[in-house]
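Accompanying notes for the structure given below.
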Amino acid sequence: MSTAPTAPFTPQIRLYQHWLAEHRGLQFDDYDALWRWSTTELDAFWQSIWDYFDLRSPTPHTAVLQRNVMPGATWFPGAQVNYAQQVFRHVQPAHAAGFSAVVSRNEKGRAVELSWPELRRQVAALALHLQAQGVKPGDRVAAYLPNIPETMVAFLAVVSIGAVWSVCAPDMGTHAVLDRFKQIEPVALIACDGVTYGGRDFDRLAVVAELRAALPTVRHVILHTNLAEEPAAVDRALEAAQPCTAFSTATARVDADTAAFEPLWLPFDHPLWIVYSSGTTGLPKPIVHGHGGTMIVALALKILHNDVGCSYRPNSWGERYHWYSSTGWVMWNAQTSGLLNGTTCVIFDGNPGGSKDQPDWTTLWRFAAEQGVTFFGAGAAFFANCLKAGVDLSTCGDLSKVRALGTTGSPLSEDAQNWGTAQFRQLRGSSLPLPLGEGRGEGLPEPSLSHMGQQPGDIWWCNISGGTDFAGAFIGGNRELPQTPGRMQCRLMGCAVEAWNEQGQPVIDEVGELVCAQPIPSMPLYFVGDTDNRRLLGSYFDMYPPGHGRKPGGGDLAAEAGAVWRHGDWLRIHPDGSCVIYGRSDATINRHGLRMGTSELYSAVEALPEVLDSMVVDLEYLGRESYMPLFVVLRPGLSLDDPMTAKINGAIRTALSPRFLPNAIFQVAEIPRTLSGKKQELPIKKLLLGQPLEKVINKEAMANPGCLDWYVAFAAEHQARQPI
C-alpha cells in the first residue's frame, strides 16, 4: 500500500460542479437547482456524466435518450461498452501508484491481496477458458460463490466475453438457488466446495451436485476449493465434484494470449447480469440489467454521491472502499463497482457479528482498522447491533482513516446514527477542524454545519436507499449538505423521485408513494421469461395511468410514454430536500385515520435495550377496525411480563402517539426474515388474514423458515377468534 501523504479529499460532487462550470458554463445556486436540472434536462445531464468520466466507445452514440418511455427507454444507441473494459483502464496507473485492486479476509484470517495486473491476468485466463468451452455472448453463467476475490474475477471474466452473470450466495439452500437458476438456463456453473460462517464450516459439495443434476443446460462446471486447503483435501473436493475444472487451473494461464486479451465491445444495452427480487411469493423475478446503464449509473452514484474516489488520484489518494455484503445482496454488486473507478475494494467474507456462541460486533471494525479502510459501509442493522452490543470503537484499533460511513438495506435509526457520530467524535476529538477540502472551494457556497447538533469534523454518513430492481439508489448522500440523524440528505442527480399522494400528486413534507417520474439508464431491460412484459409492468408501473406525472413537478406526457416507476416504499421529502423512508408501502399502518410506516414504530421499540427485534402488522381489512399485533424478540432470560409490556407501550406512546399502540404484544423466538435480512411483514399479514402459508411465502427465500410454525399456529388461533 502506498504511503503518500493523506489526500485533501475535496468532495467529488464539488469537483463535478467545477467541471460543469468550466466545460458547460453551468452554475447552480444550490443542490436543489442542480438536481432539478439533472432530472429535467436528461440528455444534457447524462451526456455530462459520460464526458466527465471519459467513457469510451469505438463507435459514437447517435443520441443520449433516444426514446423516453417507461419501461423500454433507449439510451446511448450506437455506443459500445463493456464493464470489464472500464475496469481494465485502471490496471496500469493504479499498479504504478502502488495500489491493490482487491484486499480480502475471511473469518479464519485467510488474507488475499490481488494486484491490478494479477486481477487482469486471472480474468483474461478464465475468459479464454470459458470461450474454449463454447461460452458465447448472451449465454448465461451461474455462480454459487461467497464474497471473495475469486467471485470478482469470475464476474469480470464472464461479462468480458459478453456472457451474462448471475450469482447466488452459498448460504442459500438448493431449492432457493434452483428457483433462480432454473429460470435463466445457464450453460456453465462456477461454484465452491463450501463456506465458513459464524465459526462453522458448511460443506456445499452436495448442493453443487444437486445443482448440476437439476440444471440440464449446464455443460461445464468450475469448482473453487474455498474450504479445502491441504493438497489432499483439495484433491478430494475436486474428485467429488467431477467432471469439473479447478478454478485455480482455469485462472492459471500465463501466455501471449492472456496478455493480449481485450474484453469484447458490446452494445450499450447488452445484458450484464441477472439479479433477483426477494421472492416472498412465487418464483423470484429474474431482473436483467445492461452493461452501459449499470456502469454509468454506478459511476454517478459511487463517486459523486457516495464520494468514493479513485485510489490513485491525488484528491482521493489511498482510497480503500469497504461495504460489507454477501453475494446474495445487491450491495455485492455495489462493492464490486468500486473497480470501475480504480478504487481498492476491501472485502470481508463471514459473519460480521462473530459466532453464535461468542458474538463480537467489533469484527468488521477491527478489520477496517487493520486494512486502513477510508469508506466503511454496512447494512443499517449492523450499526443498530453495534449500538445494542455497546461496541466501543476505541478498542478496535486505528480507525483514523475512516472518513465516511455508508448504510442501506433498511432505514437507519436516529439513535444508531447518533451512536456512530459520537463514537467517531470521541476517536477524533470533538474540537478537530474540518479536514482539508471539506466544505471549502472557490466560487461555491459554504455548507452549513450547525445543523441538528453537527460539529466540524464529524464523521459523514452516506445513507442511501435504492434497490436490486434497478441496481442503484434513488436517495442518498451529498457530502456538502447538512446531516440530520435518521434522514437521507437528498434525492440523487438524474433520479426524478417524488412522493405522491393517493391522487397521484407530488407532495412535500407528507408521506407518499415513492415514484420516479423519468427513466434512468440502469432500469431493468426485462425479466427473463417475461415475453409480454406483464411481470415487469405489474412490478413497477401498474399503479398510475400511463403518461400521468411523467414530468417532474407535475405535467403529463402522452400515454405512449408509459407510467411512472412506483418503487413500493413510503417516502417523505422534507422542505430542505432531506428524505425519510418509512418502509414498504404495502406494509404500512393505518390507525384511526393516520398512516405510518412500520420503521417509525421499530425505531421506538428497538431503542429499548431489552428488545432485540420486532415486527408489527396492521390487519385493517375491507373497512374492518384495525387490529395490530406487535411481535418482539427479547434478550435471553427476559419474559414479556406486565412491566415489560408497559415499557414497550410507553416507548411507542412517547415516540409516536397513543394512536399507534398495538392491540397486543407477543413474545416470539424469531422475526421471519428474507435471505437479504428484510422483515416478512406483508406475508405474515396475509397469513393472519387467512391466506394459506404456501401462497404467501417462499420458505426457500427465508433466512429462518423454521420460525414459521409459530406464526401458522398463531394465525389459526386468530382466525378462530376473528374470522375474516
Side-chain angles (χ1 to χ4, degrees), residues 39 70-71 280-281 410-411 465-467 469-470 474-475 487-488 491 495-519 523 534-559 561-602 616-628 656-657 659-660 678-679 681-686 688-689 691 724:
T39 55
M70 290 197 289
T280 52
T281 59
S410 58
S465 180
D469 317 75
F470 64 103
F474 281 141
I475 303 165
R487 297 188 195 174
M488 288 166 280
R491 292 171 280 181
C495 300
V497 168
E498 297 176 333
W500 281 14
N501 62 19
E502 292 179 359
Q503 290 73 45
Q505 300 165 331
V507 293
I508 296 294
D509 216 17
E510 295 179 25
V511 177
E513 287 276 357
L514 190 165
V515 304
C516 188
Q518 295 279 33
M523 284 178 176
R534 183 174 301 177
R535 294 185 77 192
L536 181 63
L537 290 166
S539 297
Y540 312 112
F541 298 105
D542 66 349
M543 187 163 183
Y544 300 103
H548 173 77
R550 282 284 279 108
K551 290 182 181 178
D556 302 302
L557 296 177
V564 301
W565 174 290
R566 177 240 181 187
H567 196 57
D569 281 340
W570 287 127
L571 166 68
R572 170 179 282 168
I573 303 169
H574 290 269
D576 65 356
S578 64
C579 298
V580 178
I581 296 287
Y582 289 92
R584 297 296 294 174
S585 56
D586 49 14
T588 50
I589 298 169
N590 188 2
R591 297 284 276 177
H592 315 293
L594 294 181
R595 189 171 67 184
M596 184 192 71
T598 54
S599 65
E600 289 183 284
L601 191 142
Y602 299 145
V616 68
V617 293
D618 183 4
L619 302 185
E620 182 186 38
Y621 183 71
L622 293 178
R624 293 170 63 95
E625 184 176 352
S626 168
Y627 174 77
M628 190 174 79
L656 303 176
S657 160
R659 292 173 181 265
F660 295 108
K678 294 182 179 178
K679 300 182 186 188
E681 297 160 314
L682 184 60
I684 296 302
K685 176 178 179 177
K686 291 179 177 179
L688 295 180
L689 288 173
Q691 296 187 40
I724 296 299

State the [atom1]-[atom2] distance between [X] and [Y], to the nearest 0.5 angstrom.
| X | Y | atom1 | atom2 | value |
| --- | --- | --- | --- | --- |
| Ile573 | Ser578 | CD1 | OG | 10.0 Å |
| Lys685 | Gln691 | NZ | CD | 11.0 Å |
| Phe474 | Ile581 | CZ | CD1 | 10.0 Å |
| Lys686 | Leu619 | NZ | CG | 13.5 Å |
| Leu537 | Met70 | CG | CE | 11.5 Å |
| Leu514 | Glu498 | CG | CD | 10.0 Å |

- Message: Is the shortest side-chain heavy-atom distance between Tyr544 and Glu513 below 4.5 Å?
- Response: yes
- Between Lys551 and Asp556, is any pair of side-chain heavy atoms under 4.5 Å apart? no
- Message: Is it the case that the side chains of Glu681 and Thr598 hold a donor-acceptor pair, with the cut-off being a distance below 3.5 Å and no angle test?
- Response: yes
- Indicate the ring-plane relationship of Trp565 and Phe470, choosing parallel, tilted or perpendicular according to the 30° and 60° boundaries. perpendicular
- Given Asp542 and Arg534, is the salt bridge (charged side-chain N to carboxylate O under 4.0 Å, His left out) satisfied, shown in steps? CA-CA 10 Å; Asp542 66 349; Arg534 183 174 301 177; over 6 Å; no
- Message: Quick check on the 6.0 Å ring-centre criterion: do Tyr540 and His567 meet it?
- Response: no
Do you know the tightest heavy-atom contact between [X] and [Y]?
| X | Y | answer |
| --- | --- | --- |
| Met523 | Gln518 | CE-O, 3.8 Å |
| Ala499 | Glu510 | CB-O, 4.3 Å |
| Ile475 | Cys579 | CG2-CB, 3.7 Å |
| Phe541 | Val564 | CD2-O, 3.3 Å |
| Arg550 | Ala563 | CD-O, 3.6 Å |
| His548 | Gln503 | NE2-O, 4.2 Å |

- Task: Before giving the answer on side chain to side chain contact (heavy atoms under 4.5 Å, CB included), spell out for Arg566 and Trp500 the whole-Å C-alpha distance, their side-chain angles and the decisive distance to 0.1 Å.
- Result: CA-CA 10 Å; Arg566 177 240 181 187; Trp500 281 14; over 6 Å; no
- Which of Val580, Val497, Val507 passes side-chain contact (heavy atoms from CB on, under 4.5 Å) with Leu571? It is Val497
